[in-house]
Structures are given as C-alpha cells and as structure tokens.
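Working notes, structure below.
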Amino acid sequence: MFKLSLRTEVYNKISNSFFEAFGKKPVDFVVEIPPEGFGDYSTNIAMVNAKFLRMAPRQIANELLESLTKIKWFKNVEIAGPGFMNFKLSESVYQELLSKFVDNVEFPKFDEEKVQFEFVSANPTGPLTVGHGRQAIIGDVLARVYKSIGYDVTREYYFNDAGKQMKALGHSLWVRYNALYGRKENFEEDDYKGDYLVNVAQKFSSEYGDAYVGQWDERVQTLFVSYARDKMFDWIKNTLDKIDVNFDVYFSESSLYKTGTTDEAMRILKAGNYVYEKDGTTWFAVSKILPKEEDRVIIRKNGEPTYFFSDIAYMLDKYKRGFKRVYYIWGADHHGYVPRMQAAAKALGIPDGFFNVIMHQFVTLKSGDEVVRMSKRQGEFTTLEDLVERVGKDATRYFFAMLDPNTHLVFDVDLAESKKMENPVYYVQYAHARVVSLLKNAQEKGINWENATLKNLTLPAEIDIMRFMGEFQEVIISTANEYKPQKLCNYAYSLSEKFHSYYNSNKIVDVKNRELSADRISLCIGVKNILRTVLSLLGISSPDSM
RNA sequence: GCGCCCGUAGCUCAAUUGGAUAGAGCAACGGACUUCUAAUCCGUAGGCUGCAGGUUCGAGUCCUGCCGGGCGCGCCA
C-alpha cells in the first residue's frame with residue numbers, strides 16, 4: 001500500500017533506512033527524478049548528511065545500500081558520482097500505481113481550513129482588461145486547486161460603486177448621451193473617455209429618449225450613475241462568465257460603513273494607539289510597526305475616509321468571517337501597498353500568516369510584430385472580452401495560466417488563436433482526444449481491458465510514463481504551496497509529450513496481442529484520467545474528439 | 001534617490017526550490033502517414049544562464065556590488 005506520490009514513498013523508505021542504519025533522523029535531503037541514465041529516482045541523502053555524521057558521503061551511501069537493497073520496492077540501488085544514490089523501482093510498484101489512476105484520480109488531502117481568494121475586484125467603471133484576465137485566471141485556478149485538496153474556498157470580488165469615480169462615470173455617460181443628440185458637453189478631467197460608453201448611451205437613449213439632454217442636476221446624476229454602474233457590472237460579470245470564472249461573493253466597499261465594521265476597525269486602531277491627528281487629517285501609524293514605512297492618511301481633511309481605511313476595515317471583516325488565511329491577488333503596481341496592509345493586520349491584532357498577497361506582473365498583447373500596450377487611462381486598451389472572443393475560453397485560460405505570475409506575460413494572440421500544433425492548448429487536448437479515440441477503436445475490436453494485469457508494461461517509455469504519473473500529487477501540492485498555476489500546464493504538457501511520443505512508436509491496439517493491448521490501453525486511460533483532471537483544474541475542456 | 005519584480009538558445013518560456021550532461025516550443029535544416037487522428041512523431045543545429053566577486057562537495061537557483069528592463073514611492077483607486 002502506498003499513496004499516489006511515489007517520490008514521498010521513496011523518501012520515507014530511505015529515511016527509515018537511514019534511521020535503522022545510524023540511529024538518527026537524517027537532516028533534510030531530497031528525492032528527485034535524475035537525468036537520463038541514473039535510474040528512476042535519486043537522492044542526495046549521503047552528501048547532505050556527511051557533516052552531520054562526520055562520515056564520507058560514499059561511506060554513508062554504502063551503509064545505506066545494504067538495508068535498502070533488502071526492500072522489495074527497489075529493484076536496484078546504485079551509488080554514483082560524489083555520493084548520489086540511484087534507484088530503480090520494481091515493476092510491481094508501477095503496476096500498483098497505474099491501477100489506481102485507471103480507477104480514478106485521487107487528490108492529496110491537505111487541510112479543510114477556510115481560505116479566501118480575492119481577485120479582479122475591478123470597480124464597475126469600464127470593461128475588464130486583459131490584465132484583469134490574468135488575475136482572474138490565476139485566482140480561479142488556485143481556488144480550484146485549493147478546493148481539490150480539501151480547503152473550504154471562497155472566491156471574492158471586492159468593489160466600490162460609490163464616490164467620486166462613479167460620479168465621473170455617470171457624467172461621462174451623460175456626455176456621450178448628449179453627443180447622440182448633437183449636443184456637445186465637455187468631459188471633466190477624471191471622466192472616462194473610452195468610447196465604450198457610446199453603446200451604453202445609445203441603450204440609455206432607447207429606454208429614456210431625449211428627456212435629459214442638456215439637463216444636469218443631482219437627480220439626473222443619480223440616474224446616470226446607477227444606469228452606467230449596472231451596465232458596467234453586467235458587462236464585467238458577463239465577461240467573467242465567458243471564461244468560467246464565478247465568484248461566491250461580491251463584496252461592496254460601502255457595506256463596510258453600513259455594518260459598522262469601519263467603526264470597529266477605528267476603535268481597535270485607536271485602542272492600540274495607532275492613530276493620530278495631524279493637519280486636520282487622521283493618520284495610521286504604519287511606522288510604529290514597520291519603522292521604514294511612512295504613516296498613511298486614513299481620514300481626509302474633508303472628512304472622507306481613504307481607500308486604505310476601507311481596506312483595513314475590509315481585512316477586519318474577512319478575519320471576522322472566520323477565514324484562516326486570505327489571499328489578495330494584485331498586479332505589480334500594487335506592491336507598494338503590501339507593507340501598510342501588513343502593518344494594518346498587525347494593528348488589528350490579526351495573526352501572522354492571515355494576510356497573503358500573490359503578485360503578478362503585467363500583460364502585453366502581441367499580434368504579428370505589433371505589441372499592444374495597455375492604457376486604461378487614455379481609453380486605449382484591449383478588453384478581455386475581445387480577447388476571449390478571438391481566441392476562445394480554453395486558450396485564454398491556458399495562456400494566462402501557463403506563465404509564472406511573477407514574469408511579464410506577452411500574450412501571443414496569433415499563437416493562441418491558431419489551431420495548429422504549436423499551440424500548447426491543442427497539443428494537450430489532442431492527447432486526451434487521442435486516448436478517447438483509442439478506446440473507441442479497442443472497443444470496436446473487442447479488446448477487453450477490464451482485467452488487464454499490467455505486467456507487460458516494461459518498455460522504458462512505459463515506465464517513464466508511469467513514474468511521471470507518480471508525480472501528480474507533488475504537482476498539485478507545489479502548485480498550491482507556491483501559487484504557481486503554470487505547474488499544472490507544464491505537467492499536462494509533459495505528460496502529453498510522453499504520450500504522443502509513446503503512441504507514435506508503439507502500437508496500442510493490436511488484435512494479435514490482446515493481453516499487451518489491454519495493458520497499454522490501461523496506461524493510456526491513466527494518462528487520459530490525469531489529463532482530464534489537470535485540465536479541469538485549469539478550467540479547460542477535455543474534448544473527446546478534435 | 002529609495003523599494004519590489006525580472007534578466008536563461010534568434011523569439012516565447014522550463015529547469016523537480018542547492019544536484020549529475022541547463023531543457024521544450026516557435027523560427028532554420030533534414031526525415032516519418034497503403035498501419036490506432038500528421039493538431040502527431042524522430043533527427044540536426046543553436047548557451048560564458050546580463051557582468052564581477054563570494055558562500056560549498058556542487059550555484060541558473062543563495063549573499064554582495066554593478067549593468068539593463070518593468071512597476072511603485074498621493075489626503076487616486
């Protein structure tokens with residue numbers, strides 16, 4: 001009996017042998033898949049424990065070798081180089097592993113803690129940009145992964161639909177509306193000049209006619225603000241829906257003031273002496289907690305709270321809702337915000353580890369040789385919706401997920417759009433479709449794989465694929481621990497690569513050799529099950545045929 | 001000026017978190033379909049991992065200093 005992670009199992013066996021041989025627990029070592037030609041797994045245990053035991057690495061390895069060779073699991077153990085130990089596993093280990101993946105794909109169970117991912121959180125002043133798209137996919141994929149390993153996950157969208165910017169939005173719509181009737185009204189400085197409001201204005205005019213042309217007062221403003229806001233929010237939600245990103249909670253900033261959370265936050269800050277008055281404004285003493293940081297205004301001279309203060313209250317709210325950890329997914333432009341939020345957490349008496357930020361760098365689009373830069377301010381940007389409509393949901397999700405959030409993403413629109421081999425999305429999906437097609441073929445030929453023994457899977461390529469299946473759980477866990485969705489893409493891609501290669505050089509379905517066929521089909525089913533699982537974590541479809 | 005992130009093949013990116021010979025795809029060149037989907041496979045070529053030091057059995061990975069790029073340093077959100 002073993003879990004689905006071969007590596008962990010190998011690790012434990014080595015660790016136990018070490019204890020038996022030396023009467024001590026080993027210091028940290030690793031078990032890894034070595035380069036070609038050094039066996040199935042290798043460990044550096046002898047080298048990293050040399051100092052600890054005051055013995056030469058190769059001598060340690062020699063002593064371990066004796067006890068390890070007695071374990072049935074290992075077919076072969078060798079010592080190489082400066083003291084690496086290389087292992088080959090028995091075929092039966094791989095057979096047992098594969099049989100589990102043929103049945104179904106089990107996730108490692110980690111924890112059931114309540115955690116929250118908050119992302120996108122764009123205010124309803126315009127359409128989502130491709131930058132939001134990256135954030136949406138990173139957040140959604142991580143949420144799916146955390147859910148899969150047992151966490152109680154909430155996806156949350158925080159927004160502010162009150163205040164200055166909403167008034168600017170309403171006014172901008174009104175300007176566009178007037179223009180429809182040939183009346184020139186001027187934009188204010190902070191207005192939204194993107195032409196996306198033209199359509200909204202047309203819609204408005206078809207519902208309300210010309211009743212508000214040339215008229216601007218508080219009543220009119222309220223109408224235009226709420227109309228524009230609703231339309232923008234509909235638009236945003238509709239776009240998110242197109243990429244299968246669904247939030248559990250839409251959280252309004254203004255609700256913090258209605259429920260008294262802001263008052264409570266202020267009380268706590270004051271009680272801890274983190275608040276002071278200066279120049280008619282109220283400050284939060286960030287420097288009291290982080291001496292290198294500057295203090296920040298939380299209540300303006302005009303009496304209005306700052307965005308930062310709302311965020312403090314919002315964090316308190318999250319904490320009170322019982323989350324053990326919350327993750328904020330932020331673009332690189334927000335990194336300066338991290339220290340002050342950490343200070344706020346401290347001042348609120350929230351334990352370390354609660355507040356976490358997952359940062360991602362910016363996105364540029366590339367089409368041909370043309371690089372499209374994003375600038376929301378100037379009203380020039382590609383909307384997420386346009387992108388999705390051009391390349392489709394699957395490619396959009398894959399491309400946003402496939403790079404380390406920490407690197408700049410150049411989204412190659414032409415590549416994402418192409419249905420050719422160079423497109424990694426299709427490459428992976430094709431592997432899945434191929435297996436399905438194989439199964440159909442085998443079924444037609446009357447090959448029964450239900451009772452496959454798996455004993456004929458002895459080719460290096462077959463061992464390699466099975467060993468790689470044994471990495472599945474590791475991949476899930478490191479995706480979660482490191483907040484790196486691209487690990488899923490890389491894993492699915494590599495598995496597909498191994499499969500395609502195997503498929504090309506070996507006949508899977510062969511009526512002349514039914515037993516072998518049954519075994520090979522089982523291997524393919526394992527591949528298919530894992531691919532489908534990983535793709536679903538990425539939110540990408542697994543087509544049966546292409 | 002200060003802070004954060006990045007720098008790997010011509011291009012876009014990996015590299016099992018300190019491991020053995022730094023790997024893929026695209027682009028270039030050459031092969032494989034009377035055979036389970038050629039949206040595939042196989043091969044050739046391509047590198048001082050930005051530069052210089054340091055830490056150790058061992059560095060693309062960790063530390064220091066430079067160079068180059070991105071972002072930030074509001075009583076904006």
Side-chain angles (χ1 to χ4, degrees), chain A residues 7 30-38 42-44 47-48 50-51 56-57 80-84 86 121-123 125 160 163-165 190 253 279-283 292-294 296-302 304-308 310-311 331-339 359-362 364 366 402-412 415 418-427 429-431 433-442 444-445 471 474-475 478 481-482 486-487 489-490 493-494 496-497 499-510 517 521 524 545-546:
Chain A
R7 188 201 298 255
V30 295
V31 170
E32 52 195 356
I33 293 182
E36 240 359 266
F38 293 108
S42 77
T43 181
N44 62 356
M47 293 182 291
V48 294
K51 259 186 199 161
F84 285 104
N86 299 328
S121 296
N123 291 333
T125 59
N160 176 7
K164 244 188 341 197
Q165 50 169 352
D190 290 331
E253 178 186 356
D279 306 332
T281 63
T282 307
W283 296 69
K292 284 180 188 165
E293 295 294 320
E294 288 171 28
R296 301 287 164 179
V297 170
I298 50 177
I299 308 292
R300 297 185 183 101
K301 200 168 265 173
N302 66 8
E304 281 180 23
T306 61
Y307 178 86
F308 177 45
S310 300
D311 250 2
D333 55 336
H334 279 67
H335 78 256
Y337 216 70
V338 176
M359 206 80 78
H360 68 89
Q361 301 297 315
F362 282 174
T364 44
K366 195 186 93 178
M402 77 180 175
L403 290 195
D404 190 325
N406 238 342
T407 67
H408 292 254
L409 170 60
V410 179
F411 195 115
D412 187 333
L415 177 61
S418 84
K419 298 212 154 82
K420 291 196 206 126
M421 50 184 149
E422 67 261 28
N423 189 338
V425 193
Y426 289 98
Y427 186 86
Q429 289 180 322
Y430 184 50
R434 253 188 171 169
V435 176
V436 173
S437 164
L438 279 174
L439 297 184
K440 213 178 286 168
N441 183 20
E444 280 164 11
K445 291 185 173 151
E471 296 286 299
E474 304 277 341
V475 171
S478 64
N481 283 341
E482 298 167 37
Q486 87 271 17
K487 300 238 167 202
C489 295
N490 293 340
Y493 192 89
S494 295
S496 304
E497 209 168 26
F499 167 75
H500 282 311
S501 174
Y502 174 64
Y503 172 94
N504 262 275
S505 47
N506 296 97
K507 186 127 179 111
I508 312 295
V509 178
D510 183 0
S517 295
I521 287 165
C524 294
S545 68
M546 292 174 74

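Order of the sequence lines fixes the chain letters, A, B, ..., with proteins taken first and strands second; residue numbering starts at 1 for each chain.
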Taking only side-chain N and O atoms of [X], does any of them lie within less than 4.0 angstrom of OP1 or OP2 on [N]?
X	N	result
A:Arg434	B:A38	yes
A:Arg296	B:C73	no
A:Ser501	B:C42	yes

Does [X] use its side chain to pair, donor to acceptor, with the backbone of [Y] at less than 3.5 Å?
X	Y	answer
A:Asn86	A:Ser42	no
A:Asn44	A:Val30	yes
A:Asn504	A:His500	yes
A:Arg7	A:Glu471	no
A:Asn123	A:Asn160	yes

5'-most contact on RNA chain B: A:Asp279 or A:Asn44, nearest heavy atom basis?
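In this pair, the answer is A:Asn44.
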
For A:Met359 and A:Asn86, take the nucleotide of RNA chain B holding the closest heavy atom to each; which residue's nucleotide lies nearer the 5' end?
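The answer here is A:Met359.
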
Heavy atoms from C-beta onward define the side chain here; which of [options] lies closest to that of [X]?
X	options	value
A:His335	B:C75, B:G3, B:C36	B:G3
A:Glu497	B:C75, B:G25, B:C71	B:G25
A:Ser42	B:C36, B:A14, B:A20	B:A20
A:Pro34	B:C41, B:U12, B:A20	B:A20
A:His334	B:C57, B:A77, B:G3	B:A77
A:Pro82	B:U35, B:G25, B:G19	B:G19
A:Phe38	B:A20, B:C71, B:G74	B:A20
A:Asp404	B:C71, B:G19, B:A14	B:A14
A:Val297	B:U16, B:U35, B:C75	B:C75
A:Lys51	B:C57, B:A14, B:A77	B:C57

For [X] and [N], give me the distance from atom [atom1] to atom [atom2], rounded to whole Å.
X	N	atom1	atom2	answer
A:Asn406	B:G69	CG	C1'	15 Å
A:His408	B:C5	NE2	P	12 Å
A:Tyr427	B:G25	OH	P	7 Å
A:Glu293	B:C4	CD	P	10 Å
A:Ile508	B:C36	CD1	C1'	8 Å
A:Tyr307	B:A77	OH	C1'	6 Å
A:Gln361	B:G70	CD	C1'	7 Å
A:Tyr503	B:A38	OH	P	5 Å

As an exercise, state the distance from [atom1] of [X] to [atom2] of [Y], rounded to the nearest 0.5 Å.
X	Y	atom1	atom2	result
A:Phe411	A:Met402	CZ	CE	7.5 Å
A:Ile521	A:Ile508	CD1	CD1	8.0 Å
A:Glu294	A:Trp283	CD	CH2	8.5 Å

Return the set of residues passing salt bridge (charged side-chain N to carboxylate O under 4.0 Å, His left out) with A:Arg296 (not counting sequence neighbours), or none when no residue passes.
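Residues passing salt bridge (charged side-chain N to carboxylate O under 4.0 Å, His left out) with A:Arg296: none at all.
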
Using the [atom1] atom in both, what is the distance from [N] to [M], to the nearest Å?
N	M	atom1	answer
B:G47	B:G60	C1'	12 Å
B:C51	B:C57	C1'	27 Å
B:U64	B:G18	P	16 Å
B:G46	B:G25	C1'	14 Å
B:A28	B:C73	P	44 Å
B:G69	B:C26	C1'	23 Å
B:U16	B:A9	C1'	22 Å
B:C67	B:A59	P	26 Å

Within the structure shown, what part of the strands sits under 4.0 Å from [X] by heavy-atom distance: base, sugar-phosphate, or nothing?
X	value
A:Glu32	base
A:Ala433	base
A:Val48	base
A:Asn160	sugar-phosphate
A:Asn506	base
A:Ser494	nothing
A:Ile33	base

Paired stretches of RNA chain B - 3 or more consecutive Watson-Crick or G-U pairs, each distance under 3.5 Å:
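RNA chain B stems, ordered by first number: B:1-7 with B:67-73, B:10-13 with B:23-26, B:28-32 with B:40-44, B:50-54 with B:62-66.
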
Any idea how A:Tyr493 and A:Tyr427 line up, ring-wise: parallel (<30°), tilted (30 to 60°), or perpendicular (>60°)?
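Aromatic pair A:Tyr493/A:Tyr427 classed parallel.
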
When you compare the ring of A:Phe84 with the six-membered ring of B:A20's base, are the centres less than 5.5 Å apart and the planes under 30° from each other?
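A:Phe84 ring centre within cut-off of B:A20 base, planes near parallel; stacks.
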
Looking only at side-chain N and O atoms, does A:Gln165 offer a donor or acceptor that is under 3.5 Å from a partner on A:Thr125?
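No, no side-chain donor-acceptor contact under 3.5 Å.
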
Using the purine O4'-C1'-N9-C4 or pyrimidine O4'-C1'-N1-C2 torsion, is B:C33 syn (within 90° of 0) or anti?
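Here the answer is syn: the torsion falls within 90° of 0.
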
